[in-house]
Participant: 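First the structure, which I've put down as structure tokens, then a few questions once you've had a look.
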Amino acid sequence: MQYDVILPAAGSGKRMAAGCNKLFLELRQKPILIHTLEVFQQDDACKGIWLAVKPEERSYIESLLVKYNITKVKALSDGGAERQYSVNACVKKVKDRDIVLVHDAARPFITIPIIHKLAEVAHSKGAAIAGVRAKDTMKRVKDGMIEETVDRSSLWMIQTPQAFDFEVLKRAEQLAERDHFLGTDEAMLVERMGHSVYIVESSYENVKITTKEDLVFGEAILSQRIGG
Ligand code: C5P
């Protein structure tokens, strides 16, 4: 199943406190952004990559694309103040596509089998998102006190990629923009249209690099995958 992917890369990474876009930090001497891009560059089913970037980082990112021979990028769009606006800027540029995935550029450990499963389910059902089952006991807390223990069996922790029939994603983005609705992920925009969204079981390794500890975790994942 062929697909295109939108990669929002225009965040500021405040929780990393790196003093620069966290995507430029390196794991094994390679920027996190490039690790993520290489997954899609190497996947034959991926036909195009659509990047959202900060205007002031555009030329540096363009230089990275040349240096690491990332050839599938179709367009760089100016990101917005919120992740949803960055994704929407890319959605507006994509034309006549069948399946489009949205994936955080800060999740470099996604694997091709999960991507393909998502694209397949999006093709048959319209919308599919990656997630993992909650591992810990879950409780609802208010004012420092437990209100209830939540039944964990139906709880999933949601990741990206999130994969869509492009018409469904485009419509969801248009309606969110019209209504000034800000969601926490693309699926939420699709859910509010009344469209069903399906879950694809992903991996706990598909972390979003967010804080300094995640860099240690990232190095460990790479050591296990490629040795050394
Ligand atoms: O900040 P966080 O890691 O949750 O952001 C997830 C992804 O969305 C990152 O790849 C980040 O670069 C991107 N993002 C964006 N525009 C924003 C905020 C985040 O493209 N305004």
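One-based numbering, in listed order, for ligands and for the atoms of each.
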Participant: Does E57 use its side chain to pair, donor to acceptor, with the backbone of A10 at less than 3.5 Å?
Facilitator: no
Participant: What protein heavy atom is closest to atom 21 (N) of ligand 1, reported as residue, atom name and distance in Å?
Facilitator: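 Answer for atom 21 (N) of ligand 1: G80 O, 2.9 Å.
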Participant: Answer yes or no: is there a donor N or O on one side and an acceptor on the other, between the side chain of R225 and the main chain of F109, under 3.5 Å?
Facilitator: yes
Participant: Can you find a non-hydrogen atom of K22 under 4.0 Å from ligand 1?
Facilitator: yes
Participant: Would you check whether K14 reaches within less than 4.0 Å of ligand 1, judged by its heavy atoms?
Facilitator: no
Participant: Is the shortest N/O to N/O distance between T210 and ligand 1 below 3.5 Å?
Facilitator: no
Participant: Going by heavy atoms, is A9 under 4.0 Å from ligand 1?
Facilitator: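 Heavy atoms of A9 do come under 4.0 Å of ligand 1.
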Participant: Taking 4.0 angstrom as the limit and counting only heavy atoms of A81, give me the atoms of ligand 1 inside it, by number and element.
Facilitator: 21 (N)
Participant: For atom 11 (C) of ligand 1, what's the nearest protein heavy atom and its distance?
Facilitator: G11 N, 3.6 Å
Participant: How close does the nearest protein non-hydrogen atom get to atom 5 (O) of ligand 1, and which residue and atom is it?
Facilitator: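 Protein heavy atom at minimum distance: R83 CD, 4.4 Å.
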Participant: Atom 7 (C) of ligand 1: which protein heavy atom is closest, and how many Å away?
Facilitator: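 Looking only at protein heavy atoms, the one closest to atom 7 (C) of ligand 1 is D104 OD1, 3.5 Å.
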Participant: In Å, rounded to the nearest 0.5 Å, how long is the span from CE of M188 to CD1 of I129?
Facilitator: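 One finds 11.5 Å between CE of M188 and CD1 of I129.
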Participant: Can you pull out the closest protein heavy atom to atom 16 (N) of ligand 1? Residue, atom name and distance to 0.1 Å, please.
Facilitator: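 That would be S86 OG, 2.7 Å.
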Participant: Short list, please: which atoms of ligand 1 are under 4.0 Å from a heavy atom of A106?
Facilitator: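 Answer, ordered by atom number: 10 (O).
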Participant: Of the non-hydrogen atoms in I199 and A130, which two are nearest, and what is the gap between them?
Facilitator: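 Answer, listing the atom of I199 first, then A130: CD1-C, 4.4 Å.
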Participant: Taking only Lys NZ, Arg NE, NH1 and NH2, and the carboxylate oxygens of Asp or Glu, determine whether K170 and E173 approach each other closer than 4.0 Å.
Facilitator: no
Participant: Using 4.0 Å as the upper bound for N to carboxylate O, is an ion pair formed by K74 and D4?
Facilitator: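 Salt bridge flag = no for K74 with D4.
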Participant: Identify the closest protein heavy atom to atom 10 (O) of ligand 1: which residue and atom is it, and at what distance?
Facilitator: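 The closest heavy atom on the protein side is P8 O, 2.8 Å.
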Participant: Would you indicate whether the side-chain heavy atoms of I110 and P161 approach each other to under 4.5 Å?
Facilitator: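 A side-chain contact under 4.5 Å exists here.
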Participant: Within the side chain of R107, is there an N or O that forms a donor-acceptor pair under 3.5 Å with the backbone of N206?
Facilitator: yes
Participant: If you look at every heavy atom in S77 and C90, which pair is closest and at what distance?
Facilitator: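 Heavy atoms of S77 and C90 come nearest at OG-CA, 3.8 Å.
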Participant: Does any N or O atom in A105 lie less than 3.5 angstrom from one in ligand 1, N or O only?
Facilitator: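 Yes, there is a polar N/O contact under 3.5 Å.
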Participant: Checking a contact table here: which protein heavy atom is nearest atom 20 (O) of ligand 1, and how many Å away?
Facilitator: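 Minimum-distance protein heavy atom for atom 20 (O) of ligand 1 reads A10 N, 2.8 Å.
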Participant: Would you say ligand 1 has an N or O under 3.5 Å from any N or O of K208?
Facilitator: yes
Participant: May I ask you to identify the nearest protein heavy atom to atom 1 (O) of ligand 1, giving residue, atom name and distance to one decimal place in Å?
Facilitator: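 Minimum-distance protein heavy atom for atom 1 (O) of ligand 1 reads R15 NH2, 3.8 Å.
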Participant: Mark yes or no: K72 above the aromatic ring of F40, with NZ or CZ under 6.0 Å from the six-membered ring centre and no more than 45 degrees from the axis.
Facilitator: no
Participant: For ligand 1, is any non-hydrogen atom under 4.0 Å from L23's backbone (N, CA, C, O), its side chain (CB onward), both, or neither?
Facilitator: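 Looking at L23 and ligand 1, just side chain atoms fall under 4.0 Å.
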Participant: Between D185 and R83, is the closest basic N to carboxylate O distance under 4.0 Å?
Facilitator: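 No, no charged N to carboxylate O under 4.0 Å.
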